[in-house]
Amino acid sequence: MISMYKSDHIEKAAQDFWAKEKCFESSEETKKEKFYCLTMFPYPSGQLHMGHVRVFTISDVIARYQRMRGKHVLQPMGWDAFGMPAENAAIKRNIPPAKWTYENIDYMRGQLKRLGYAYDWNREITTCDPKYYKWEQWLFIRLFEKGMVYRKNSIVNWDPVDQTVLANEQVIDGRGWRSDAVVERKEIPQWFMKITAYADELLEDLDNLEGWPTSVKTMQRNWIGRSEGIELSFDIYGSSSKLEIYTTRPDTLMGATYMAVAPEHPLALEASKNDTEIAAFIKDCKKNHASEAAIETMEKKGLSLDIYAIHPITGEKIPVWVANFVLMAYGSGAIMAVPGHDQRDWEFAKKYDLNIKQVIRPNDDVEVNIDNAPYVGKGILIDSLNYSDMTSDQAFDRIADYFESTGKGKRVTNFRLRDWGVSRQRYWGTPIPIIYCDDCGAVPVPEKQLPVILPEDVKFSGIGSPLKDMPEFYNTECPKCNKSAKRETDTFDTFFESSWYFSRYACHDASSGMTDERESYWMPVDQYTGGIEHAILHLLYSRFFQRLMRDEGLSSVSEPFTNLLTQGMVLKDGAKMSKAKGNTVDPQGLIEKYGADTVRLFMMSAAPPELALEWSDAGVQGAYRFLNRLWNAIDSHEIIKNKNFSWELSESQKNLRFKVHSTIKKVTDDIGRRYKYNTAIAGIMELLNTLNKYQPVSPECDILKQEAFEAIVKLLSPITPHICHALWQKLGKEDPLIYASWPNYDENILKRKEIEIIIQINGKLRGKLNIDVDSKQKELESMVMSNDKIIKFLDGKSVKKFIYVKGKLINVVI
RNA sequence: GCCCGGGUGGCGGAAUUGGUAGACGCUACGGACUUAAAAUCCGUUGUCCGAAAGGACGUGCCGGUUCGAGUCCGGCCCCGGGCACCA
């Protein structure tokens with residue numbers, strides 16, 4: 001009886017079976033080892049895109065593999081539901097963000113179910129649900145009372161036409177994306193969380209994250225950017241004010257030839273009062289984009305303030321400049337410039353013809369000419385008074401000692417990491433639970449009044465946040481003095497929601513607290529999978545949040561994610577797929593045409609997870625063909641119920657069995673250790689090719705084929721679970737595949753007596769040789785030297801060296 | 001600009017610890033089956049020379065280490081991600 005592979009029918013049957021059996025619903029009562037397998041939850045943008053399909057499939061393969069390895073697996077799913085696109089959609093289509101979001105979620109949930117992921121849907125979380133964000137408000141208040149959050153002014157991109165704060169991506173060439181108005185930097189008060197208080201811990205604990213890629217750890221290390229330096233102050237000539245600066249290179253202090261301050265620095269503002277040129281320059285600086293990339297790449301400009309600082313050691317007068325690349329938000333808003341030994345200072349000095357002085361020479365006697373380029377390395381001090389001839393490190397210590405003893409400066413550890421600004425002047429986010437009272441100031445909303453609910457039925461104009469036009473929302477009374485007061489109308493950064501959702505999955509319906517005892521069963525996450533684009537912000541904020549929760553007694557875990565797999569982007573035409581670029585590929589059509597298994601298989605076979613995957617429509621067809629070949633091969637196979645290997649295997653049978661067991665070994669390593677699904681699939685395809693070409697020599701061959709097909713179906717089942725569910729039944733198995741365990745291989749079958757090695761002459765491949773595994777170098781030497789082909793290549797030359805790499809190759813050096 | 005990745009046939013990629021470059025798949029071409037087409041099956045497919053046997057070249061570029069380099073080191077070029085309000 002011949003049957004055809006019909007994906008839609010098979011996939012529905014498998015999914016119905018898993019649902020009926022509640023296969024993926026995970027309780028906390030089990031003796032088995034837990035395995036928490038998590039994917040970065042999606043923003044409900046409308047439809048799944050290929051990036052989603054890729055990351056969810058990677059994670060699902062891990063979850064299903066671990067399940068077959070006997071683990072008690074939890075794989076949850078939910079929605080990162082707050083964010084800007086809902087507001088944009090609201091403006092464009094005149095629907096409230098909440099309605100748009102919930103509709104998207106419903107549609108995308110259906111798509112996920114169609115793809116057959118092994119999720120525990122009971123634990124679904126939606127972050128715009130007050131039952132979820134209530135606990136963020138609750139934690140924020142606790143942190144407020146602890147002094148871990150504070151309010152200060154900081155800079156935003158201000159669109160003067162739309163009267164709106166713009167995200168960096170909404171500023172295009174210095175103009176608002178909708179209004180086209182020139183965007184201004186504006187200072188407004190915002191809430192901050194003290195992530196810098198955890199900077200040292202976040203940095204040091206990276207060393208223990210063995211399950212994280214080194215690239216991500218390096219990025220986080222550089223981002224935190226711990227540096228040791230000294231803070232010192234320069235007196236101002238003819239003034240009582242001082243200029244505070246921080247430097248990591250006090251050894252270059254004698255080479256400081258000018259100072260530079262930020263446009264917002266008090267000295268610059270003072271100077272601008274009597275100087276229209278300086279005032280104009282400062283005004284012009286306000287137009288600069290607030291992002292670091294923009295500041296680093298813009299043309300460096302400055303003006304002399306006609307103010308002089310006094311060098312704290314030499315007593316020389318040093319000119320003070322105002323410069324557009326010095327930021328008030330970092331440190332003290334002033335720097336000491338050493339053009340001889342710093343690239344940026346050097347370029348600025350060249351541009352404005354400022355003095356460049358060499359005070360360091362390299363350790364080795366390499367000539368440097370600081371007129372052509374700065375020397376930025378460490379070395380030996382020169383022309384530095386009594387510090388001359390010291391090494392940079394010695395001078396660092398002596399100069400730091402000097403300042404500490406005179407009280408003019410001190411050693412300071414600095415971080416590049418800045419506190420996390422969590423305020424957003426947007427509607428579609430978690431309301432910040434603060435009430436402003438004229439008398440009492442900023443007062444947290446009392447716990448029993450939580451959650452502060454975001455009104456969902458709103459009109460959305462795009463001019464500012466609707467909350468600012470809703471007196472019924474913001475008019476309230478002060479919890480301390482009962483006088484009328486106003487609520488905060490800003491909402492949280494959406495990274496807030498994604499910083500702890502993994503804890504909430506463990507106890508999604510906990511009503512008495514942010515988490516409950518189930519958190520300690522599941523946390524930490526054993527395997528976290530997501531895009532490399534989150535390597536810094538999301539992952540660092542989550543590590544920070546985990547520690548905040550730990551210190552609130554909500555968790556005993558410090559690191560939320562034990563193992564991290566960062567998957568590369570799905571690119572189209574060489575760029576990240578995004579709606580903005582209009583280069584998306586809709587997976588839905590492919591699922592309808594070929595089925596979920598084909599899409600899953602193709603995504604996993606096209607590239608290893610961590611590499612960027614350039615999308616191409618071709619190739620899906622190949623995955624589909626392979627599934628058909630597999631289906632047909634098993635369809636025409638004679639079922640063997642009892643595999644009994646009691647006969648003496650022929651040479652070809654031994655080879656086939658070797659192939660089966662070596663494939664099990666390879667695929668186990670590829671999936672379990674290397675996360676290389678593409679090579680695992682290639683290995684399985686090879687085995688099927690071998691089977692299809694195999695010429696049976698005796699009736700017992702069906703026993704071998706049965707063993708091989710069972711192995712293929714199991715090995716492939718984490719990747720294409722539906723077809724494997726059906727094929728397992730076709731192989732005569734009564735227990736469903738979902739309850740089967742991962743196949744084992746037999747080392748004895750993998751032992752070989754004879755192997756093929758290659759012969760090289762001077763590193764070039766010249767021949768092959770079948771040898772006994774245990775051959776000694778001496779035997780091989782005489783074998784090779786009497787080989788006609790090799791003698792021909794030797795061309796009468798004498799052998800200088802004979803190298804034998806056991807089991808691999810021989811290299812004859814002549 | 002800074003930090004982190006990547007660059008291998010016509011294409012996606014493989015080569016796991018420095019040891020046969022191109023596994024597996026796609027595309028293309030040739031053949032079988034068919035009235036025909038689709039599907040399927042078989043074969044060929046890095047470039048160049050050669051009838052063939054075989055040989056030379058070849059992993060972004062330049063240089064180095066090594067018996068041996070896609071892999072290690074130094075210098076560059078290009079592409080992607082991140083740069084704190086896209087998520």
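Here is how names work: the chains are called A, B, and so on, in the same order as the sequence lines, proteins then strands, and each is numbered from 1.
Residues A:Q170 and A:R178 form no side-chain contact, since every pair of their non-hydrogen atoms from C-beta on lies 4.5 Å or further apart.
Applying the side-chain hydrogen bond (donor to acceptor under 3.5 Å, both in side chains) rule to pairs touching residues 183-192 of chain A yields A:S154-A:Q190, A:R185-A:E264, A:Q190-A:Q425, A:W191-A:Y436, A:W191-A:E488, sequence neighbours excluded.
In this structure, A:L417 reaches the bases: a heavy-atom distance under 4.0 Å links it to at least one base atom across the strands shown. A:A293 comes within contact range of at least one nucleobase, with a heavy-atom separation under 4.0 Å. Using a 4.0 Å heavy-atom cutoff across all strands shown, A:P42 reaches no nucleic acid atom at all. Here A:H538 lies out of heavy-atom contact (under 4.0 Å) with every strand. Backbone-only engagement by A:T494 is indicated by non-hydrogen atom pairs under 4.0 Å involving sugar-phosphate atoms exclusively. Within 4.0 Å (heavy atoms only), A:K676 reaches no atom of the nucleic acid at all. If you check every strand for non-hydrogen atoms under 4.0 Å, A:W420 touches nothing. Backbone-only contact: A:R766 has heavy atoms under 4.0 Å from sugar-phosphate atoms and none from a base. Nucleic acid contact for A:V620: none, since no nucleic acid atom lies under 4.0 Å from a heavy atom of the residue. Residue A:Q760 is classed as a base contact, given a heavy-atom separation below 4.0 Å to a base.
Considering only side-chain N and O atoms, A:R674 lies nowhere under 4.0 angstrom from the phosphate OP1 or OP2 of B:U16. Dashed line: the shortest gap from a side-chain N or O of A:R625 to OP1 or OP2 of B:C26 is under 4.0 Å.
A salt bridge links A:E299 to A:K351: one of the charged nitrogens lies within less than 4.0 Å of a carboxylate oxygen.
Look at B:C24: its Watson-Crick or wobble partner, with both distances under 3.5 angstrom, is B:G12.
Distances were taken from every side-chain heavy atom of A:Q190 (C-beta onward) to each of B:A15, B:C85, B:G19; the shortest belongs to B:C85.
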